[in-house]
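One structure is given below, encoded as structure tokens.
Side chains are part of it too, since the values below use all heavy atoms of this structure and drop only hydrogens, waters and symmetry mates.
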Amino acid sequence: MDQPKEPQGKNLRKTLKNRHIQLISLGGAIGTGLFYGSGESISLAGPAIIIAYLIGGLAIFMIVRAMSEMSVEDPKSGAFSYYATRYWSKRAGFVSGWNYWMNYVLVSMVELSVVGTFVNFWFPAIPAWVSAAFFLVVITAANLMGVSKFGEFEFWFAIIKIAAIVAMIIGGLAVVVMALPTANGLRASFANWFTVGGGFLPNGLMRHGANGQWTGLLMSLAVVMFSFGGTELIGITAGEASDPRRTIPKATNAIIWRILVFYILTLGVIMAVVPWNAIGKPNAQGMVVSPFVQIFDSVGVHAAAGILNFVCLTAVMSVYNSALYSNSRMLFSLARQGNAPKYLGRLSKGGVPYTGVLTSACIIALAVVVVFLWPQFAFNYLMSIATISAIINWSMIMVTEMLFRRAVARGEGPGDLAGKTGESALNALHFKLPFARVTPWAVLAFLAMIVVLMCFSPSYRVAVIAGPIWLIVLLVAYQLTQGRAR
């Protein structure tokens, strides 16, 4: 078993409070995917999308529980990369860490490339690249100030997103309770789930449409799963949490009700007010608008576009803020493992891995330039790697958790688990993964099914091809770097 090198000298500051971690975990699961992307998933499954979010939410909950089991016992920066190195191999830690880093570089690239569209809503004369550069500099500066500043930014970003969702839910429920007619001519009612456009499961489990596209409940799962990307950020925060044994379990367990409220209840209310088969369709002006704009319009709030534009702008900033934070910590961890250049393991006087922050920001800036110069290449191919890297990351977390448990049972666990063996050692775990003997295998089987389903979708098929190629690139990179190290 490869033992990662313990940090020498200065360490990261453990100043993230419970409220920071609670809102970071919540904000990570709420982004533009919910505000805009939910229209695509609804069009695939109809009202049955609620079941898809329940299934996908349960899988994501178990993935985060698996990582949190390790994070509570051994809170380290870099989370799953550190655990993969310690309990699997140095190669696995390299692949896990750099895969996650690249994933967030690409996600940041896309988020920053679209920030201009939100700014242009109010200031159409400002070039998109100026908006991207401005927010890149501001968020990078905030990350250099310290982890507590990052926590405050994420706290307030999350509050804004939550406020928008709560307002939509309250407004929608009021319309449903009073059975008011809406702009679409239907009376708002949860019965609309079963009476509009073919009922609750209009496209079945899978259906090959006349246009050659596959639809149905199963096909929606791929879209649903990727909307949950970012929830694993809880594990990254463990290394800087002031009380990880209390805050990490609390934030992790809260994920399940957040999924119920912020995804299932939200979409349920939307489909009660707006017919599901009208969601994501062009409006009277020929524009495809967010389901949130549609429901606000339906209840008479015609400033919805402006409100949602502001919320989405904060969501984009939140994604980049989280991406830069997690990437800098991942590079710091990789450097301390010997899987990245040593300079990335440096800390400022305030305990910030500033070299990791600046390096990630520079690479993201270059990636944004690529988007502006070659948008089709960037979105069709680079984002395919981001798509499949999430599956790789989640799969490696589950495998690492199984190897972690084997190490604990052998008496090689971290902290006060060291020396304990067998069932007594496993029983001493503070935050156990439920049904740990079967859960990792069930999640891995589910993720494998998602990959198979992606093959049926033209927009995701390229990701399935990119996945093995991307893994080969990482493995070759590992061999080359190790050869130079020797």
First locate atom [atom1] of [X], then atom [atom2] of [Y], and finally report the distance between them rounded to the nearest 0.5 Å.
X      : Y      : atom1 : atom2 : answer
Ser395 : Asn99  : OG    : CG    : 10.0 Å
Phe435 : Met62  : CZ    : CE    : 7.0 Å
Ile49  : Ile270 : CD1   : CD1   : 12.0 Å
Phe456 : Thr215 : CZ    : OG1   : 12.5 Å
Phe310 : Leu313 : CZ    : CG    : 7.0 Å
Met219 : Met454 : CE    : CE    : 10.0 Å

*Should the pair Arg65-Glu401 be classified as a salt bridge under the 4.0 Å nitrogen-to-oxygen rule?*
no
Is the count of non-hydrogen atoms from other residues, nucleotides or ligands lying under 6.0 Å from [X] atom [atom1] greater than 12?
X      : atom1 : value
Phe134 : CZ    : no
Arg461 : CZ    : yes
Trp122 : CH2   : yes
Trp129 : CH2   : no

*Looking at Ser389, Ser96, Ser360, which hits side chain to side chain donor-acceptor pair (under 3.5 Å) with Trp101?*
Ser360
Decide yes or no for [X] and [Y]: does some side-chain heavy atom of the first lie under 4.5 Å from some side-chain heavy atom of the second?
X      : Y      : result
Trp441 : Met402 : yes
Val464 : Tyr460 : no
Val443 : Trp394 : no
Val223 : Ser457 : no
Ser81  : Met396 : no
Leu474 : Met102 : no
Met206 : Leu453 : yes
Phe431 : Thr252 : yes

Nearest heavy-atom pair of [X] and [Y]: which atoms, and what distance?
X      : Y      : answer
Pro47  : Met271 : CA-SD, 3.5 Å
Ala52  : Val224 : O-CG1, 3.7 Å
Gly356 : Ser328 : C-CB, 3.7 Å
Gly93  : Asn339 : C-ND2, 3.9 Å
Leu112 : Ala132 : O-CB, 3.4 Å
Ile279 : Gly39  : CG2-CA, 3.9 Å

*For Tyr100 and Phe80, run ring pair (Phe, Tyr, Trp, His ring centres under 6.0 Å): C-alpha distance rounded to whole Å, both residues' side-chain angles, the deciding distance at 0.1 Å, then the answer.*
CA-CA 9 Å; Tyr100 186 78; Phe80 30 85; 4.8 Å; yes
*Examine Tyr320 together with Phe135 and report whether their ring centres are nearer than 6.0 Å.*
no
Please answer whether the main-chain N or O of [Y] pairs with a side-chain N or O of [X] as donor and acceptor at a distance below 3.5 Å.
X      : Y      : value
Trp193 : Gly268 : yes
Ser131 : Val115 : no
Asn321 : Asn143 : no
Thr481 : Tyr478 : yes
Asn120 : Ile126 : yes
Ser220 : Leu217 : yes
Asn192 : Pro275 : no
Asn277 : Val196 : no

*Determine the interplanar angle of the Phe200 and Phe194 rings, folded into 0 to 90°, and report it as parallel if under 30°, tilted if 30 to 60°, perpendicular if over 60°.*
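Taking Phe194 first and then Phe200, their aromatic rings lie parallel (interplane angle under 30°).
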*Parallel, tilted or perpendicular for Phe94 and Trp98, by the 30°/60° rule?*
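If you compare the ring of Phe94 with that of Trp98, the planes turn out tilted.
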*Show your reasoning for whether side-chain contact (heavy atoms from CB on, under 4.5 Å) applies to Ile63 and Phe228.*
CA-CA 11 Å; Ile63 290 168; Phe228 289 130; over 6 Å; no
*CA sep, side-chain torsions, deciding dist, call: Val311, Ile165, side-chain contact (heavy atoms from CB on, under 4.5 Å)*: CA-CA 10 Å; Val311 173; Ile165 293 173; over 6 Å; no
_Evaluation steps, side-chain contact (heavy atoms from CB on, under 4.5 Å), between Arg437 and Arg405_ = CA-CA 10 Å; Arg437 294 184 186 276; Arg405 280 185 160 254; over 6 Å; no
*Are Gln337 and Arg86 linked by a side-chain donor-acceptor pair shorter than 3.5 Å?*
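Side chains of Gln337 and Arg86: no pair found under 3.5 Å.
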*Output, in order, the C-alpha distance, side-chain angles, deciding distance and verdict of side-chain contact (heavy atoms from CB on, under 4.5 Å) for Met317 and Ile160.*
CA-CA 12 Å; Met317 290 189 290; Ile160 292 170; over 6 Å; no
